[in-house]
4 protein chains.
Amino acid sequence: MFATKGFAQTTVRDIADAAGILSGSLYHHFRSKEAMLTELLSGFLDGLNARFTEIVESGVDPQADLDGLIAESFRTIHRERLAVALYQNEASFLATVEGFEFVAERSRDNEALWIRVIEAGQASGAFQASLDPALTYRFIRDGVWSTVSWYRPGGRHTPETLAEQYLKLLHAGILA
Amino acid sequence: MFATKGFAQTTVRDIADAAGILSGSLYHHFRSKEAMLTELLSGFLDGLNARFTEIVESGVDPQADLDGLIAESFRTIHRERLAVALYQNEASFLATVEGFEFVAERSRDNEALWIRVIEAGQASGAFQASLDPALTYRFIRDGVWSTVSWYRPGGRHTPETLAEQYLKLLHAGILA
Amino acid sequence: MFATKGFAQTTVRDIADAAGILSGSLYHHFRSKEAMLTELLSGFLDGLNARFTEIVESGVDPQADLDGLIAESFRTIHRERLAVALYQNEASFLATVEGFEFVAERSRDNEALWIRVIEAGQASGAFQASLDPALTYRFIRDGVWSTVSWYRPGGRHTPETLAEQYLKLLHAGILA
Amino acid sequence: MFATKGFAQTTVRDIADAAGILSGSLYHHFRSKEAMLTELLSGFLDGLNARFTEIVESGVDPQADLDGLIAESFRTIHRERLAVALYQNEASFLATVEGFEFVAERSRDNEALWIRVIEAGQASGAFQASLDPALTYRFIRDGVWSTVSWYRPGGRHTPETLAEQYLKLLHAGILA
DNA sequence: GATGAATGAGTATTCATTCAT
DNA sequence: TATGAATGAATACTCATTCAT
């Protein structure tokens with residue numbers, strides 16, 4: 001519900017109704033509405049970081065690493081669609097909220113990891129040296145992760161076709 | 001304020017305080033909080049559609065058109081940063097709100113216009129034929145417009161450098 | 001508008017809109033919303049009392065007087081329908097409002113006048129002596145004046161047919 | 001409070017104050033201010049209709065039925081004075097309000113029931129044939145029910161004396 | 001582990017009235 | 001005479017949270 005309606009727009013009563021209990025009873029399980037958000041987001045971010053780290057640590061070369069990160073991103077969008085949407089929608093708001101510093105931290109870790117891969121690719125001659133690594137990272141990140149706003153499992157696309165199409169565009173560009 | 005805090009998170013009192021009047025006095029100027037949002041969004045979307053249409057109608061070839069649309073997007077992000085952020089944040093929520101049908105309509109118009117340009121480029125041989133036009137449009141749109149979430153005027157980048165970097169990546173791809 | 005929507009439910013803006021000016025401008029003509037009500041009600045009540053007094057003062061016998069008062073009531077309902085409705089709806093509320101003491105006073109004057117006629121009729125042997133004069137007055141008053149809530153000029157009834165039907169019932173009763 | 005001050009003039013805070021809780025807490029018990037009105041009115045109207053129906057169904061002849069309906073009306077004014085006042089004051093306003101259609105329906109049912117009794121009395125020769133049944137109903141209804149605006153339990157009158165006096169006037173008329 | 005009643009701060013909106021222009 | 005901007009108090013309603021049971 002946080003993902004689809006937004007955290008602020010979701011009432012504790014909404015959640016309790018969906019759970020089949022009264023709103024007051026939720027406080028037996030969570031200390032606050034924010035605590036529910038924390039649990040959802042930290043679980044998601046921990047898992048994502050672990051998988052990203054694993055990809056890079058066991059990687060062979062920068063291009064394979066970048067392709068792997070992108071493919072894993074699309075798989076994550078497929079597997080944890082609502083968590084991704086929640087993160088996309090609320091991350092900027094949470095950046096300033098006390099107790100949610102871990103969200104910005106995890107984001108910075110991810111950014112550093114991706115940029116290191118891009119820079120390694122430029123150093124090895126695999127990637128164009130004239131591209132700004134930070135900028136390139138953001139363009140890729142936004143293009144990939146925004147997919148969550150329109151991707152629907154069971155629709156025309158699978159995580160695999162999305163990755164394939166995206167990588168084709170990213171590798172060789174749009175020009176024939 | 002709608003752009004930075006979100007529409008629902010912005011109170012009428014916030015706005016009135018910023019305007020230096022009492023919250024009730026705002027209703028002399030706007031019939032409702034939603035009416036303020038309508039005025040902001042419809043003005044922005046009308047202008048954007050007009051400029052996009054002008055670019056395509058006076059265009060010479062598909063590649064120049066696409067480059068022009070992208071450059072205009074970055075200029076719009078620079079010039080109307082808050083309106084763009086507002087649109088990015090609220091468009092999906094507004095899709096279901098009565099009275100805001102015009103937002104989804106304008107979005108569909110834009111999408112159709114961009115996709116026509118991509119298809120024309122494929123037909124003329126300028127763009128790779130194996131790319132899915134709708135998917136390519138969305139990857140580009142998201143990569144370009146998400147820039148608004150981190151772009152700050154007066155920072156390291158200008159709309160021109162952003163467009164230049166983005167087009168370099170888009171044209172030839174990341175591989176050397 | 002006071003008669004149809006109620007005084008409290010009618011806004012100063014409603015009145016100004018109907019008058020084709022802005023609400024603030026009404027205060028050039030009336031000191032307050034209550035002042036408008038005063039003007040409407042006092043005019044109505046003054047006229048009604050004058051006509052009732054005239055009927056009784058120039059009357060010949062109690063039955064003719066009572067019939068005359070009733071016929072004049074139905075004519076008033078026809079001629080000043082909205083004023084009557086306003087009075088019926090707001091009188092009890094106004095009884096406690098400062099500045100509207102004249103409404104209760106006029107009502108008491110009327111009541112005394114009608115009761116005198118009934119008592120005179122009982123004294124002369126024209127009316128049944130066993131009826132409680134005050135109670136009889138109230139039954140008649142309510143039966144007659146409540147007509148305003150459903151009477152519509154141009155409908156099935158005229159003030160004359162209403163008076164005729166009412167007097168037939170009142171004079172001889174319902175039993176055959 | 002709805003009966004004495006009017007529904008629109010009664011604030012939710014008034015009610016909460018009288019209940020000794022905060023205004024927001026009322027919404028734990030009622031979904032809206034209108035829901036409170038609905039509960040009050042539907043209970044009253046259901047009971048009244050049931051008693052009226054019972055009187056007519058177990059009745060012996062039209063005159064006894066009519067007398068019974070009138071006596072029951074005065075008893076209801078005594079027993080449920082505030083509910084009657086509420087109904088008298090708000091019925092016309094509620095006729096147009098969504099969700100309160102049941103009020104007009106119940107009123108129409110009552111009207112039809114009373115008129116059938118009057119027409120039966122005319123057919124049997126008990127009531128004067130020259131009286132308009134619908135008109136006679138309205139004169140009686142208004143004379144009887146308006147009593148609520150001035151009746152006070154514990155005062156000079158009881159429901160029994162009121163019924164007796166009213167029926168004397170209605171049966172034989174005012175003339176000696 | 002859940003209920004249900006209550007809190008208290010807040011939210012958009014309404015409206016009679018004022019007043020400089 | 002009228003405007004239009006503003007006030008300030010009030011209004012119905014919302015909602016995260018608490019807590020005795």
Side-chain angles (χ1 to χ4, degrees), chain A residues 1-2 5-17 19-37 97, chain B residues 1-2 5-17 19-37 97, chain C residues 1-2 5-17 19-37 97, chain D residues 1-2 5-17 19-37 97:
Chain A
M1 301 181 86
F2 289 164
K5 307 174 52 169
F7 176 70
Q9 279 67 51
T10 303
T11 72
V12 173
R13 183 117 91 201
D14 289 337
I15 300 167
D17 284 352
I21 58 177
L22 289 179
S23 65
S25 308
L26 272 180
Y27 287 79
H28 186 72
H29 306 275
F30 296 93
R31 280 188 37 228
S32 69
K33 189 184 171 191
E34 285 195 349
M36 303 182 209
L37 185 57
V97 179
Chain B
M1 301 182 86
F2 288 164
K5 306 176 52 167
F7 176 70
Q9 280 65 53
T10 303
T11 71
V12 172
R13 187 118 80 197
D14 289 337
I15 300 167
D17 284 351
I21 58 177
L22 290 179
S23 67
S25 307
L26 271 180
Y27 288 79
H28 184 68
H29 305 277
F30 297 92
R31 279 184 48 211
S32 69
K33 188 183 168 192
E34 285 197 348
M36 303 182 209
L37 185 57
V97 180
Chain C
M1 301 181 84
F2 288 163
K5 307 174 52 167
F7 176 70
Q9 279 67 51
T10 303
T11 71
V12 173
R13 182 118 89 200
D14 289 336
I15 301 167
D17 284 353
I21 58 177
L22 290 179
S23 64
S25 309
L26 272 180
Y27 287 79
H28 187 72
H29 305 276
F30 296 93
R31 278 187 39 225
S32 69
K33 190 184 169 190
E34 285 194 349
M36 304 182 208
L37 184 59
V97 180
Chain D
M1 301 182 85
F2 289 163
K5 306 176 52 167
F7 175 70
Q9 279 67 52
T10 303
T11 71
V12 173
R13 184 120 80 196
D14 289 337
I15 299 167
D17 284 351
I21 58 177
L22 290 180
S23 67
S25 306
L26 273 180
Y27 288 81
H28 184 68
H29 306 275
F30 297 94
R31 279 183 49 212
S32 68
K33 189 184 168 189
E34 284 196 350
M36 304 181 208
L37 184 58
V97 179

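In what follows, chains carry the letters A, B, and so on, assigned in the order in which the sequence lines appear, proteins first and then strands, with residues in each chain numbered from 1. Everything numeric here is computed off the predicted structure, so don't read it as measured data.
If B:Ser23 and D:Arg13 are placed on DNA chain F by their nearest nucleotide, the residue sitting closer to the 5' end is B:Ser23. Where B:Ala8 and C:Ala8 each meet DNA chain E at their nearest nucleotide, the meeting point lying more 5' is that of B:Ala8. Mapping D:Gly24 and C:Gly24 onto DNA chain F by nearest heavy atom places C:Gly24 at the nucleotide closer to the 5' end.
Distances were taken from every side-chain heavy atom of C:His28 (C-beta onward) to each of F:dA12, F:dT1, F:dG4; the shortest belongs to F:dT1. Nearest nucleotide to the side chain of D:Val12, out of F:dG4, F:dC13, F:dT17: F:dC13. Which of E:dA5, F:dT1, F:dC13 sits closest to the side chain of D:His29 comes down to E:dA5. For D:Lys33, taking side-chain heavy atoms from C-beta onward, the closest of the listed nucleotides F:dC13, F:dG4, E:dT17 is F:dC13.
Rounded to an integer number of Å, the gap from D:Gln9 CD to F:dA10 P is 16 Å. Atom-to-atom, CZ of A:Phe30 to P of E:dG1 comes out at 12 Å; the value is rounded to the nearest Å. Distance CZ (A:Phe2) to C1' (F:dA16): 12 Å, rounded to an integer number of Å. One atom, CG of A:Leu26, and another, C1' of F:dC15, lie 13 Å apart when rounded to the nearest Å. Rounded to an integer number of Å, the gap from D:Tyr27 OH to F:dT14 C1' is 9 Å. One interatomic measurement links the two molecules: CG of A:Asp17 to C1' of E:dG4, which rounds to 14 Å at whole-angstrom precision. B:Phe7 has its CZ atom 14 Å from the P atom of E:dT11, to the nearest Å. Taking atom CG of residue B:Leu22 and atom P of nucleotide F:dG4, one finds them 21 Å apart after rounding to whole Å.
Side-chain contact check for A:Lys33 versus A:Leu26: every heavy-atom pair is 4.5 Å or farther apart. By the 4.5 Å heavy-atom criterion applied to side chains, D:Leu22 and D:Arg13 are not counted as neighbours. Proximity of A:Asp14 to A:Gln9: side-chain heavy atoms (C-beta onward) are nowhere separated by under 4.5 Å.
The OG1 atom of A:Thr10 lies 6.0 Å from the CE atom of A:Met1; values are rounded to the nearest 0.5 Å.
Phosphate contact (OP1/OP2 of F:dA5, side-chain N/O of B:Ser25, threshold under 4.0 Å): absent.
A:Ile21 comes within 4.0 angstrom of the backbone, heavy atoms only, and of no base. Contacts of B:Thr11 with the nucleic acid, taken as non-hydrogen atoms under 4.0 Å apart, involve only primed sugar atoms and P, OP1 or OP2. If you check every strand for non-hydrogen atoms under 4.0 Å, B:Ser32 touches sugar and phosphate atoms only.
The two atoms that bring B:Ala16 and B:Ser23 nearest to each other are CB-CA, 3.4 Å, heavy atoms only.
The nucleotide E:dT21 finds its pairing partner in F:dA2, both defining distances of the Watson-Crick or G-U wobble pair being shorter than 3.5 Å.
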